[in-house]
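Presented below is the structure to which this report refers.
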Number of protein chains: 2
Amino acid sequence: MNAAAGNTSRPDLAAMVVPLGRALMAAEQPVLDAHGLTMWAYAVLSHLDEAPLRTQAALAEAIHADKTRIIPVLDDLESRGLLTRRPDPQDRRVRLLSLTPEGRRLRDTVRAAVQEGEERLLGQVPPADREAFLRTLRTLYEASRGRPAR
Amino acid sequence: MNAAAGNTSRPDLAAMVVPLGRALMAAEQPVLDAHGLTMWAYAVLSHLDEAPLRTQAALAEAIHADKTRIIPVLDDLESRGLLTRRPDPQDRRVRLLSLTPEGRRLRDTVRAAVQEGEERLLGQVPPADREAFLRTLRTLYEASRGRPAR
DNA sequence: TATTGTTATACTCTATAACTATA
DNA sequence: TATAGTTATAGAGTATAACAATA
């Protein structure tokens with residue numbers, strides 16, 4: 001019932017993906033530290049850049065964080081002039097979030113450095129495999145978001 | 001400098017791998033629950049099966065756990081007759097760990113169920129991509145273990 | 001004195017619940 | 001009364017440090 005016969009004993013997917021994720025996070029930590037960003041702060045910057053969100057709750061959900069968890073993060077980023085948080089005139093309960101130019105710039109800088117490190121790791125992989133890997137990773141990632149893994 | 005020109009804006013690897021890992025763990029949680037195993041307990045069973053280890057410290061390191069963290073786990077597994085923990089006659093400070101037949105059986109059962117779920121997820125991926133993905137994942141996983149991600 | 005395993009303690013991270021303001 | 005955001009509190013998970021047994 002396996003793609004490759006005889007290969008009944010591959011490691012669990014999770015047993016490889018989770019540690020790899022930990023390693024990737026650890027690898028990008030020094031980059032984040034250098035710019036005074038926590039992982040959550042970087043996640044916020046990344047997500048705000050690609051899709052401006054209306055509510056903090058939506059942002060929290062997008063990055064799989066509790067809504068109470070990102071508040072100190074937003075406080076910090078706002079005080080550093082990296083994003084703005086203004087009441088929506090239409091519904092003053094809601095905070096409109098948007099990246100400042102400096103916020104976008106920082107995000108680009110950090111992302112470039114992060115991906116440079118990742119490229120180094122991917123360098124060990126043959127180009128053909130590499131493309132298939134990235135494509136599949138994306139597919140599985142999207143799939144895992146579609147259904148919250150049940 | 002990219003494999004595919006113009007594709008400068010791929011998501012960070014970590015931003016896909018980490019959530020995918022979380023989803024995979026969440027997906028296998030019900031299976032573990034059904035057998036009264038925590039994630040750490042399953043990690044212990046898995047690692048003991050493939051390579052019998054001499055010391056608890058070595059086991060802890062192998063599964064990226066603190067040595068103090070696995071002690072309650074070992075207590076539980078031992079009391080359930082899934083593994084034995086005996087002092088090494090050669091050096092009575094050391095505890096020799098080995099899976100009992102029931103431990104191995106449970107491990108096989110759970111692993112089959114876990115991988116069945118993973119196969120379902122992988123079913124969405126074209127066979128060619130799938131092989132490349134698994135091969136590459138394995139490569140990157142090994143690489144990330146070689147250097148503890150610095 | 002150094003090392004394996006264990007126990008006790010403290011700390012960090014995360015979520016729950018209570019509160020304010022708008023609607 | 002219901003919802004967005006915030007604050008305060010409690011809980012889970014983790015690591016640090018002290019301890020006992022053996023070498």
Side-chain angles (χ1 to χ4, degrees), chain A residues 14 18-19 21-23 25-26 28-29 32-33 36-44 47-48 51-79 83-98 148-149, chain B residues 14 18-19 21-23 25-26 28-29 32-33 36-44 47-48 51-79 83-98 148-149:
Chain A
V18 171
R22 261 198 291 259
M25 270 177 44
E28 73 179 52
Q29 194 64 58
L32 298 180
D33 290 348
L37 291 176
T38 64
M39 198 180 31
W40 289 117
Y42 180 54
V44 165
H47 252 83
L48 277 185
L53 292 169
R54 241 184 98 264
T55 73
Q56 295 184 185
L59 172 62
E61 195 192 337
I63 62 176
H64 290 104
D66 194 276
K67 63 173 178 170
T68 65
R69 202 153 74 190
I70 61 171
I71 290 178
V73 177
L74 295 175
D75 289 346
D76 174 58
L77 294 176
E78 188 182 23
S79 76
L83 62 78
T84 58
R85 183 160 50 161
R86 306 199 322 155
D88 184 345
Q90 311 243 314
D91 180 346
R92 298 228 305 285
R93 292 174 303 183
V94 172
R95 305 275 172 272
L96 296 174
L97 302 168
S98 56
Chain B
V18 172
R22 262 199 289 260
M25 269 177 43
E28 73 181 51
Q29 194 64 58
L32 298 179
D33 289 348
L37 292 176
T38 64
M39 197 180 30
W40 289 118
Y42 180 54
V44 166
H47 252 83
L48 277 187
L53 292 168
R54 240 184 101 265
T55 73
Q56 294 184 184
L59 172 62
E61 196 192 337
I63 63 175
H64 291 105
D66 194 275
K67 63 173 179 170
T68 64
R69 202 152 77 192
I70 62 170
I71 290 179
V73 177
L74 294 176
D75 289 345
D76 174 58
L77 293 176
E78 189 182 22
S79 76
L83 62 78
T84 58
R85 182 160 50 162
R86 306 199 323 156
D88 184 346
Q90 312 244 314
D91 179 347
R92 298 228 307 285
R93 292 174 303 183
V94 171
R95 305 275 173 273
L96 295 174
L97 303 168
S98 57

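Per chain, numbering begins at 1; letters A, B, ... match sequence-line order.
Both A:Ala65 and B:Gln56 lie close to DNA chain C; mapped to their nearest nucleotides by heavy-atom distance, the more 5′-ward contact belongs to B:Gln56. Heavy-atom nearest nucleotides on DNA chain C were determined for A:Arg95 and for B:Arg95, and the one closer to the 5' end corresponds to B:Arg95.
Scanning both residues, A:Ala65 and A:Ile70, for their nearest heavy atoms gives CB-CG2, 3.8 Å. Here the closest heavy-atom approach between residue B:Ala62 and residue B:His47 is recorded as CB-CD2, 3.6 Å. Here the shortest heavy-atom pairing between B:Pro19 and B:Ala14 reads CD-O, 3.6 Å. Shortest non-hydrogen contact noted between B:Pro87 and B:Arg92 is CB-O, 4.2 Å. Across all non-hydrogen atoms, the minimal contact from B:Leu32 to B:Met39 is CD1-CA, 3.9 Å.
Here the nucleotide nearest the side chain of B:Asp91, chosen from D:dG5, D:dA15, D:dA23, is D:dA23.
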Show me the protein contacts with nucleotides 19-21 of chain D, counting only N or O atoms at under 3.5 Å.
none

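The separation between A:Gln90 atom CD and D:dT3 atom C1' is 17 Å, rounded to whole Å. B:Ile71 places its CD1 atom 15 Å from the P atom of D:dT16, with the value rounded to the nearest Å. Atom C1' of nucleotide D:dG5 and atom CZ of A:Arg69 are separated by 17 Å, given to the nearest angstrom. Rounded to whole Å, the distance from CD1 on A:Ile70 to P on D:dA4 is 13 Å. The distance between atom CG of A:Asp88 and atom P of D:dA4, rounded to the nearest whole Å, is 12 Å. Look at CG on A:Asp66: it is 16 Å from P on D:dG13, rounded to the nearest Å.
Protein chain A contacts DNA chain C over a range whose 5' and 3' limits, counting nucleotides with an atom under 4.0 angstrom from a non-hydrogen atom, are C:dT14 to C:dA23.
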(message) Walk me through whether B:Leu96 and B:Arg54 qualify under side chain to side chain contact (heavy atoms under 4.5 Å, CB included).
(response) CA-CA 5 Å; B:Leu96 295 174; B:Arg54 240 184 101 265; 3.6 Å; yes

(request) Apply side chain to side chain contact (heavy atoms under 4.5 Å, CB included) to B:Val73 and B:Arg69, showing your working. (result) CA-CA 8 Å; B:Val73 177; B:Arg69 202 152 77 192; over 6 Å; no

(message) Show, in sequence, the C-alpha distance, side-chain angles and deciding distance for B:Asp76 and B:Thr38, and conclude whether the side chain to side chain contact (heavy atoms under 4.5 Å, CB included) test is met.
(response) CA-CA 10 Å; B:Asp76 174 58; B:Thr38 64; over 6 Å; no

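Distances shorter than 4.0 Å separate none of the side-chain N or O atoms of B:Trp40 from OP1 or OP2 on D:dG13.
Annotation: B:Arg85, atom CZ; neighbour count of heavy atoms from other residues, nucleotides and ligands within 6.0 Å is above 12.
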